[in-house]
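Index from 1, following the sequence. Heavy atoms only: backbone and side chains are in, while hydrogens, waters and symmetry mates are out. It should be emphasised that the depicted structure is a prediction, and the values quoted were computed from it without experimental measurement.
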Amino acid sequence: NDWCRHEHRRELRALYVFCSLINHWDIKDQNSLDIYVDENGNRYLKHYLIDFGTTFGSKGDGPQKPDGGYTNTFDLRDAFVSLITLGLKKWQWENVPEPPDIPFPSAGYFESEIFHPAKWDPIYPIPAFENMTNRDAFWAAKIIMSFSDDQIRSLLKAGQYSQPEVEDYLFEILKARRDKIGKHWFGKVNPLDNFKLTQSTSRMIIKFENLNLKYNLSGFNADHIPTERIRYKVDISYIGRTLIGLRIIKNEVIALSPEDMTLLQNSYDEENRKGKLVAGKNLFNIQIRTDLGNSSWSKPVNLWLWYDAIEKNFKLVGVEHID
């Protein structure tokens with residue numbers, strides 16, 4: 001049942017983002033485990049991740065050193081940069097307090113100030129991580145951003161720290177790392193999500209969420225544009241032909257009128273009358289771009305609608321974030 005090479009599995013490529021959140025620096029092949037199981041007569045391989053002793057600020061037998069999570073054990077890139085600059089290049093982690101000069105030894109070395117979601121490094125290079133795309137990272141960031149403050153608090157309470165101050169300290173760091181992850185990876189694609197389509201016999205409504213707004217990631221655009229200036233450009237096409245173009249909307253609702261619906265249905269009927277076998281004849285494309293108020297349109301999100309000619313309605317069958 002394991003038909004996909006592991007370095008190409010989304011959950012392993014995007015594991016990079018989850019590891020960066022908790023600084024799971026010691027992630028490597030030896031810290032995984034495959035078990036052949038028999039469950040209800042079904043036999044298959046079950047994959048596990050094991051050994052989380054070096055997460056957060058721990059090194060397993062003491063506090064993590066500042067370089068954990070910021071460089072590989074032997075990092076050719078960093079070594080080369082240090083070589084050609086004759087050691088004048090200083091990495092940010094070289095200028096931070098080391099144990100025992102850390103606030104709480106039980107929390108180890110765990111910080112959010114110099115943490116960068118795309119510059120985190122595990123102990124060794126990992127092929128799956130090298131294959132991660134922006135869409136993979138966006139998928140993981142959506143899950144991480146769904147962790148509420150209360151849920152993070154509950155997770156830390158399960159750690160049973162003897163000092164309440166440690167729990168508060170880790171809470172602030174995890175919250176900051178979570179928001180940095182969302183802000184960075186949501187910036188690599190157009191972060192529109194949770195599309196919901198409803199329709200009647202003559203109208204269609206598509207509602208969606210802008211995740212930057214949903215999670216109140218303040219300053220997610222460089223110019224700190226007020227949210228009321230955000231707008232969306234909608235284009236609807238069919239078999240490579242634009243049917244509705246340059247429609248500008250001010251909120252997260254796409255509303256198609258009876259005239260719009262008639263145009264879409266007539267386009268399908270016209271193509272159907274030709275009697276030719278055309279790939280994607282039942283597919284309509286809605287492309288959405290976002291403008292943050294500075295007249296610079298984002299990369300698109302493509303919605304794919306399937307037209308059921310018998311029921312005469314549309315179904316949302318695909319959401320494609322272009323990176």
Can you name the salt bridge (Lys or Arg N to Asp or Glu O under 4.0 Å) partners of Lys46, sequence neighbours left out?
-> Glu39
Under the ring-ring contact (aromatic ring centres under 6.0 Å, His included) rule, collect the residues that match up with Phe171, sequence neighbours excluded.
-> none
Apart from Ile205 itself, what residues make up its hydrophobic cluster when side-chain heavy atoms of I, L, V, M, F, W and Y under 4.5 Å apart count as a link, directly or indirectly?
-> Val253
Start with the C-alpha distance between Lys28 and Asp26, add both sets of side-chain angles, then the distance that settles salt bridge (Lys or Arg N to Asp or Glu O under 4.0 Å), and finish with yes or no.
-> CA-CA 6 Å; Lys28 55 190 176 186; Asp26 197 30; 3.2 Å; yes
Contact check, side chains of Met261 and Ser202, non-hydrogen atoms, under 4.5 Å | no
Look at the side-chain heavy atoms of Ile, Leu, Val, Met, Phe, Trp and Tyr, link any pair under 4.5 Å apart, and say whether Ile206 and Ile236 land in one connected group.
-> yes
Hey, could you give me the OG/CG distance between Ser32 and Leu12, rounded to the nearest 0.5 Å?
-> 8.5 Å
Reported OG-to-CZ distance for the pair Ser162 and Phe104, which is rounded to 0.5 angstrom = 10.5 Å
Does the side chain of Thr71 come under 3.5 Å of the side chain of Asp121 through a donor N or O and an acceptor N or O?
-> no
Starting at CG of Leu246, measure out to CZ of Arg289 and round the result to the nearest 0.5 Å.
-> 11.0 Å
Would you call Lys188-Asp323 a salt bridge at under 4.0 Å N-O?
-> no
Identify every side-chain donor-acceptor pair in residues 304-311 under 3.5 Å, counting partners at least two apart or on other chains, and give the distances.
from	atom 1	to	atom 2	distance (Å)
Trp304	NE1	Glu320	OE1	3.2
Asp308	OD1	Ile310	N	3.0
Asp308	OD1	Glu311	N	3.1

Is a salt bridge present between Lys281 and Glu271, judged by a nitrogen-to-oxygen distance below 4.0 Å?
-> no
Does Lys157 pair with Glu167 as a salt bridge, N-O distance under 4.0 Å?
-> yes
Any luck finding a side-chain donor-acceptor pair between Gln287 and Asp235 under 3.5 Å?
-> no
Exactly one of Asn210, Asn190, Asp291 clears side-chain hydrogen bond (donor to acceptor under 3.5 Å, both in side chains) with Tyr232, and that residue is Asn210
Give every donor-acceptor pair under 3.5 Å between a side-chain atom in residues 135-144 and any protein atom, sequence neighbours left out.
from	atom 1	to	atom 2	distance (Å)
Arg135	NE	His321	O	3.4
Arg135	NH1	His321	O	3.4
Asp136	OD1	Arg10	NE	2.8
Asp136	OD1	Arg10	NH2	3.1
Asp136	OD1	Arg13	NH2	2.7
Asp136	OD2	Arg13	NE	2.5
Asp136	OD2	Arg13	NH2	3.1
Asp136	OD2	Thr133	N	2.9
Asp136	OD2	Thr133	OG1	3.2
Lys142	NZ	Asp193	OD1	3.4
Lys142	NZ	Asp193	OD2	3.3

Review item, side-chain donor-acceptor pairs of residues 112-120, under 3.5 Å, at least two apart:
from	atom 1	to	atom 2	distance (Å)
His116	ND1	Ala118	N	3.1
Trp120	NE1	Asn23	OD1	2.8

